[in-house]
Amino acid sequence: MAYHPEGVKFVLTAPDTESTEQAFSPWKQMMYASAPAQFVPRFLYKGKFEQPRNADGSAMVMTYGVRVAEEVLRRAYHDDDVVVCYPDDLDTFVGRRTVAVGVGAHNPIGTAFSTGVYSNIFGSSARPINAAESERVYRHPAIRKHKPKVIVGGAGAWQIDKTGSRERLGIDCVINGRAESRILEVFQMAEDGQDLPPTVNAPEPSIENLVIPRRRSTYGIVEMNRGCGRQCAFCSPTLETRISVPMPDVLSAVRANTSNGGRIIFPVSEDVFIYGASAPFYIPNPNQLLNFYGSIAEEPGVDYLPLSHATIAPAVVNPGLIRDLSKVLLGKSALQNRNSTHPDKRFLAPLIGIETGSPRLAALTMSGKSLPFDIRDWQEIVVEGTNILNDNNWFPVYTFIVGLPNETDDDIKQSLDLLHRLKNNRVLYVPSIFTPLEDTRMASGHGMKARELTQLQWEFIMTAWKQSRDFGEMRDRSRTYFKIGTKVFYHLRGRHVHGPSFKWPAMRFAGEPEEKLAKHLHLNWDRVPNNKARPPRLIPKHRNQTLEEVARMNDAQPFHIYGTSRIGDENALPRNPLEVIVNEGTGEIAGTSPVRSVAESVRMEPEDAITELVPGD
């Protein structure tokens, strides 16, 4: 592609910390959201960002959200009017002809969940690396010189308005939410020389408005699901309509990645187990899941196929599904650990939100996570589910939230007790401090600072980190460095930043003997854990069924986009269970994918595309 030497009309980019595919591990990105920039000189990590470029200098790999914006704009403009590039190449593509620069934002200010504890452990003013890298984009000399409109969107765009940073960073417009339906409108306003609204709140797109990018995305991200339905009070994705993306569109996105050199495909979902399920949505449909992952695994060029977010209850509902998925996915995992029984020591690491060990607090904030089981048996669900996952070489990443509204000392003690019950399991823990997110039911809750944490809360965080450290592949010398480093940090900075409540939990992380810690901390880590779980109770709706009957409820059901209904009459079931139900009320089966049919008509009729994507006056 030959681009105009005096600037491309629309330039799209994202911070290097968000577009990097370093080690094919999304957890590397989480490190950049956690490590404080002021203590990590840029020269130590800058080389990790090197990414392949196309022959014309444009980015070969870019974040999924930026690729969606690119696709929307390319449907309405000539290809040479739109370019996606890395931040270091902005001076090549931004010039006097440039109308607008679009920037993808995941954690632009550093107020995400992980930042709350991981960066702020060094002090409340510590800014994570990805926030520093974001600021480098907004302050890029080419943007300052030519002064195009700066339009920001993405999962973390809300942070800019929340912190009053828009003017400081020179941002003209922030698009919050799923922006497919508003991207074109905003960029056309910029082209027409109109003043842009400071904030645009995009409506949730329907299935017909979903956009499938045609170019390679970071980690080969493709959409699997949107929404969740479990109604956790602290979570925003659960407020979205639950949508499963039909398989033809998923494969179209997969091939867009592999045809451009991608080796990893990362299907993202709020809960992989709800893919294609009918009602009740929380019972997995094994046919759909095995077809989904099996079809992607068989695609030429797919070397790695990691798991996304999941919930723990489905593992207890259908252990056989975990076994069958393992046969498909373990050979496509890039992760290895000495504890795996796989011949190549490979394991799978889904991200699962446990959040608390307290059934009381779970009932107040996330009762849907336990379905079809009773939330009162939350610990039993977690322990049994973890045992099942570990038996199949799934070593999950568990998130916990410290400081949830209404949390008591007893709730934290129960979380510590759950941690101890899982002592001999293979788990990585990611504890974070509660951060109120926009538009959730807990948006008005108090977001704690690290300085406010009690000793019990610090005990939970540091014990969880100790478990994660011990699980990882570390040399004895590295473990020694950790122990010495922790003590040095405590004496030089930690005790001043976090106060006396930090001392003894930090000493556990440093490896002090438990007999020395016993009189200071709640948990005696050396005692034998109770890792045997009693069978969890089913909710009243399923009390007259056996667990095996519950597990098989969706076995014969076809693919459901929304998962709000089911076909009860066996004679009405389609012969092909992989056909797509597009009308949940009537059971109407689609002749073609609703996403694909709209996308193809858009490419054929540009004027109609604009009408489709821009709301009417």
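We use all heavy atoms of the structure for the numbers below, so side chains are in, but hydrogens, waters and symmetry mates are not. Residue numbers start at 1 and run along the sequence shown.
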If you define the side chain from C-beta out and look only at heavy atoms, does anything of Leu290 sit under 4.5 Å from Leu325?
yes

Please test Glu204 against Arg226 for salt bridge (Lys or Arg N to Asp or Glu O under 4.0 Å), starting from the C-alpha separation and ending with a verdict.
CA-CA 10 Å; Glu204 181 185 338; Arg226 285 191 177 185; over 6 Å; no

Within-4.5 Å side-chain heavy-atom neighbours: Met366 and Lys369
yes

If we only count heavy atoms from C-beta on, is the Tyr275 to Pro267 side-chain gap below 4.5 Å?
no

Apply salt bridge (Lys or Arg N to Asp or Glu O under 4.0 Å) to residues Lys413 and Asp409 and explain how you reach the verdict.
CA-CA 6 Å; Lys413 288 177 181 179; Asp409 284 352; over 6 Å; no

Arg534 and Asp377 ion-paired at < 4.0 Å
yes

Ring pair (Phe, Tyr, Trp, His ring centres under 6.0 Å) involving Phe373 - partner list, sequence neighbours excluded:
none

Going by atom types alone, do Tyr398 and Thr386 pair a side-chain donor with an acceptor below 3.5 Å?
yes

Hey, what do you get for CG (Leu538) to CG (Leu371), rounding to the nearest 0.5 Å?
10.5 Å

Side chains of Ile352 and His309: closer than 4.5 Å at any heavy-atom pair?
no

With no hydrogens and no angle check, is any side-chain donor or acceptor of Arg441 less than 3.5 Å from a backbone partner on Gln231?
yes

Rounded distance [0.5 Å steps], OG in Ser217 versus CD1 in Ile265
7.0 Å

Cation over ring, Arg469 on Phe509, under 6.0 Å and within 45°?
yes

Assess the side chains of Glu355 and Thr365: does a donor N or O sit below 3.5 Å from an acceptor N or O?
no

Kindly write out the residues that satisfy ring pair (Phe, Tyr, Trp, His ring centres under 6.0 Å) with Tyr490, not counting sequence neighbours, or none if the list is empty.
none

Do Ser326 and Asn393 have side-chain atoms, one donor and one acceptor, less than 3.5 Å apart?
no

Examine distances only and state if a side-chain atom of Ser333 and a backbone atom of Leu335 form a donor-acceptor pair shorter than 3.5 Å.
yes

I need the Leu404 CG to Met448 CE distance, nearest 0.5 Å.
10.5 Å

Taking Asp555 first and then Arg552, would you say they form a salt bridge - that is, a charged N and a carboxylate O separated by under 4.0 Å?
yes

Sort out for me which residue in His446, Gln457, His498 forms a side-chain hydrogen bond (donor to acceptor under 3.5 Å, both in side chains) with Glu452.
His446

Between Asn530 and Arg421, is there a donor-acceptor pair closer than 3.5 Å when you use the side chain of the first and the backbone of the second?
no

When you compare the side chains of Glu270 and Asn225, does any donor N or O come within less than 3.5 Å of an acceptor on the partner?
no

Side chain to side chain, Arg360 and Asp411, heavy atoms closer than 4.5 Å
yes

Pi-cation contact, Phe281 with Arg242 (under 6.0 Å, within 45°):
yes

Looking at Glu380 and Arg537, is any side-chain nitrogen of the basic one under 4.0 Å from a carboxylate oxygen of the acidic one?
no

Is a donor from one side chain sitting under 3.5 angstrom from an acceptor on the other, for Arg346 and Ser340?
no

Would a line drawn from the ring center of Tyr304 to the ring center of Phe266 be shorter than 6.0 Å?
no

Backbone N or O of Val427 within a donor-acceptor pair of the Asn425 side chain at under 3.5 Å?
no

State whether the side chain of Glu549 and the backbone N or O of Thr546 hold a donor-acceptor pair below 3.5 Å, judged by distance alone.
yes

Please tell me if the side chains of Phe273 and Ile322 come closer than 4.5 Å, counting only heavy atoms from C-beta onward.
yes

So, taking the atom named NE2 in His420 and the one named CG in Asp526, what distance separates them when rounded to the nearest 0.5 Å?
8.0 Å

Could you pull out all residues at least two apart from Phe395 that satisfy ring pair (Phe, Tyr, Trp, His ring centres under 6.0 Å)?
Phe347, Phe471

Can you check whether Phe434 reaches Val402 side chain to side chain, under 4.5 Å on heavy atoms?
no

Any side-chain heavy-atom pair of Glu407 and Leu361 under 4.5 Å
yes

